[in-house]
Novice: 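Have a look at this one before I ask anything.
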Amino acid sequence: MTLKDVKTGETVKVVKIGGEGAVKRRIMDMGITKGVEIYVRKVAPLGDPVEITVRGYELSVRKADAEMIEVQ
């Protein structure tokens, strides 16, 4: 399951981050690393972007980036 599949109001834990090079680095620089908990606050009407809370701050993630974040 990826972050894109998570419903509004759910809290999940990051298992693995996909992607390569700069894309993976950018995701990790936002504080999304293995083992961190993510709370999904809102999903835009068309599914893009996804608004999340991670490490105590709010963040909007594009659907393409959310697909690279494997969660449980």
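Because only heavy atoms are used, hydrogens play no part in the values below, and waters and symmetry mates are left out as well, while side chains stay in. Quick caveat, the model's predicted, so the values are computed rather than measured.
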Novice: Output a table of donor-acceptor pairs, distance under 3.5 Å, between side-chain atoms of residues 20-32 and any protein atom two or more places apart or on a different chain; print 'none' if there are none.
Specialist:
from, atom 1, to, atom 2, distance (Å)
Arg25, NE, Asp29, OD1, 3.2
Arg25, NH2, Asp29, OD1, 3.4
Arg26, NH1, Asp65, OD2, 3.0

Novice: Determine whether Ile69 and Val14 make a side-chain contact, defined as any pair of heavy atoms from C-beta on separated by less than 4.5 Å.
Specialist: yes
Novice: What about Val15 and Ile17, same hydrophobic cluster or not, with Ile/Leu/Val/Met/Phe/Trp/Tyr joined at side-chain heavy-atom distances under 4.5 Å?
Specialist: no
Novice: Measure the spacing between CG of Asp5 and CD of Glu67 and express it to the nearest 0.5 Å.
Specialist: 8.0 Å
Novice: In Å and rounded to the nearest 0.5 Å, what is the CD to CG distance from Glu10 to Leu3?
Specialist: 10.5 Å
Novice: Identify the two heavy atoms, one from Met1 and one from Val6, that lie closest to each other, and give their separation to 0.1 Å.
Specialist: CE-CG2, 4.2 Å
Novice: Donor-acceptor pairs under 3.5 Å, side chain of residues 34-51 to any protein atom, not counting sequence neighbours: which ones?
Specialist:
from, atom 1, to, atom 2, distance (Å)
Arg41, NH1, Glu51, OE2, 2.4
Arg41, NH1, Glu58, OE1, 3.2
Asp48, OD1, Lys63, N, 2.7

